[in-house]
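Each chain gets a letter, A, B and so on, in the order the sequences are listed, and its residues count up from 1.
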There are 2 protein chains.
Amino acid sequence: MPDSLRRFKADVFQALAHPTRIAILELLGTAELSAGELIERLGMEQANVSQHLAILRTQRLVINRKSGNQVFYSVRDPILLEVLTLMRSYFQKYLTEAQQMLREMSESGS
Amino acid sequence: MPDSLRRFKADVFQALAHPTRIAILELLGTAELSAGELIERLGMEQANVSQHLAILRTQRLVINRKSGNQVFYSVRDPILLEVLTLMRSYFQKYLTEAQQMLREMSESGS
DNA sequence: ACCGAATATTCGAATTTAATGAGATTGCCA
DNA sequence: TGGCAATCTCATTAAATTCGAATATTCGGT
């Protein structure tokens, strides 16, 4: 596999590599949502969410549809949701270990 | 889903978000390899590869087995390879578009 | 005990990323 | 056209990532 494609693939993972963006994709997994709805459900700064959406748009993980005053987002390809589902099963498999790791991190961090 | 788990999930994607680390996982997909073999096949600096391996180890995407002077690495869970396979199909689906994007990036970058 | 090979770790510089606050668009409706 | 709501973009700053060079560690052989 050429390195350029590997870089491209890495960029997609990079786009997935943020809790907020994962949350966005999970919210969009079941239904198309407007930017405003996303902001509300996430409970985060408007500008911040908008920037994360821009990243997802640039990598084409989501598509957007303008309708009047609003912009509606949806996941571009179900494969991406499959990836998230696979990840979910991965985490369930190692759940106790993940929690253990989280606990250690919070202890050493305090 | 609690945010802590989402953060944990994002960390795994972060670990996948580098061309070299993707290359490492793809190499390990078919066979267990020693650090030296990985370095040789990647044709990169020893320290650099070792650092990437450390990241993959920290996130537990790979496991390592010490045998004498060498350290052998392998992918921890086949689910991760499934994720890479899914991504591969995603890229094949949008290959022309990806190439187009790569071309534009290289043009504007020069 | 010493040496060399294999691997890991540390450090510093350059680059990238994330969050916030402020400003700029765009589209609707009176 | 004026104004408001929804959304995006820009600038700044703090934090994280990446790489190479140098250094450290660990193990087997002599």
With under 30° as parallel and over 60° as perpendicular, where do the rings of B/H18 and B/H52 fit, or are they tilted in between?
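Aromatic pair B/H18/B/H52 classed tilted.
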[N] phosphate, OP1 or OP2, under 4.0 Å from [X] side-chain N/O:
{"X": "A/H18", "N": "C/dA19", "answer": "yes"}
{"X": "A/Y73", "N": "D/dC8", "answer": "yes"}
{"X": "B/R21", "N": "D/dT17", "answer": "no"}
{"X": "B/H52", "N": "D/dT17", "answer": "no"}

Which of these nucleotides, [options], is closest to any side-chain atom of [X]?
{"X": "A/A35", "options": "D/dA6, D/dT18, D/dT7", "value": "D/dT7"}
{"X": "A/N69", "options": "D/dA22, C/dG27, D/dC27", "value": "C/dG27"}
{"X": "B/Q51", "options": "D/dC19, D/dT18, D/dC27", "value": "D/dC19"}

Specify the closest pair of heavy atoms between B/S89 and A/I79, including all atoms of both residues, with the distance to one decimal.
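Result for this residue pair: OG-CD1, 3.8 Å.
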Under 4.5 Å between any side-chain heavy atoms of A/Y90 and B/R76, yes or no?
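Yes, side chains in contact.
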When B/R21 is tested against each of B/V49, B/L16, B/L56, B/V62 for side-chain contact (heavy atoms from CB on, under 4.5 Å), which residue passes?
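Result for side-chain contact (heavy atoms from CB on, under 4.5 Å) with B/R21: B/L56.
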Calculate the interatomic distance between [X] atom [atom1] and [N] atom [atom2]; express it in whole Å.
{"X": "A/L53", "N": "C/dA18", "atom1": "CG", "atom2": "C1'", "answer": "15 Å"}
{"X": "B/K66", "N": "D/dG28", "atom1": "NZ", "atom2": "P", "answer": "10 Å"}
{"X": "B/F72", "N": "C/dT7", "atom1": "CZ", "atom2": "P", "answer": "8 Å"}
{"X": "B/I39", "N": "D/dG20", "atom1": "CD1", "atom2": "P", "answer": "13 Å"}
{"X": "A/N48", "N": "C/dA18", "atom1": "CG", "atom2": "P", "answer": "9 Å"}
{"X": "B/M44", "N": "D/dG20", "atom1": "CE", "atom2": "C1'", "answer": "11 Å"}

DNA chain C: 5'-proximal contact among B/N64 and A/I55 (nearest heavy atom):
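Looking at DNA chain C, the more 5' nearest nucleotide goes with B/N64.
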If you find the nucleotide of DNA chain C closest to A/A17 and the one closest to A/A47, which residue's nucleotide is nearer the 5' end?
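In this pair, the answer is A/A17.
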Just to be sure I understand the rule, does A/T20 reach a base, reach only the sugar-phosphate, or reach nothing, if contact means heavy atoms closer than 4.0 Å?
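It contacts nothing in the nucleic acid.
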Donor-acceptor pair present, B/Q70 side chain and D/dT26 base, under 3.5 Å
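There is none.
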Looking at D/dA21, does its base get a donor-acceptor pair with the side chain of B/E45 below 3.5 Å?
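Looking at the base of D/dA21, it does not pair with any donor or acceptor on the side chain of B/E45 (distance under 3.5 Å).
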I need the A/L33 CG to A/E40 CD distance, nearest 0.5 Å.
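The CD atom of A/E40 is 10.5 Å from CG of A/L33, to the nearest 0.5 Å.
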Between A/Q46 and A/Q14, name the one whose nearest nucleotide on DNA chain D is closer to the 5' end.
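It is A/Q46 whose nearest nucleotide is closer to the 5' end.
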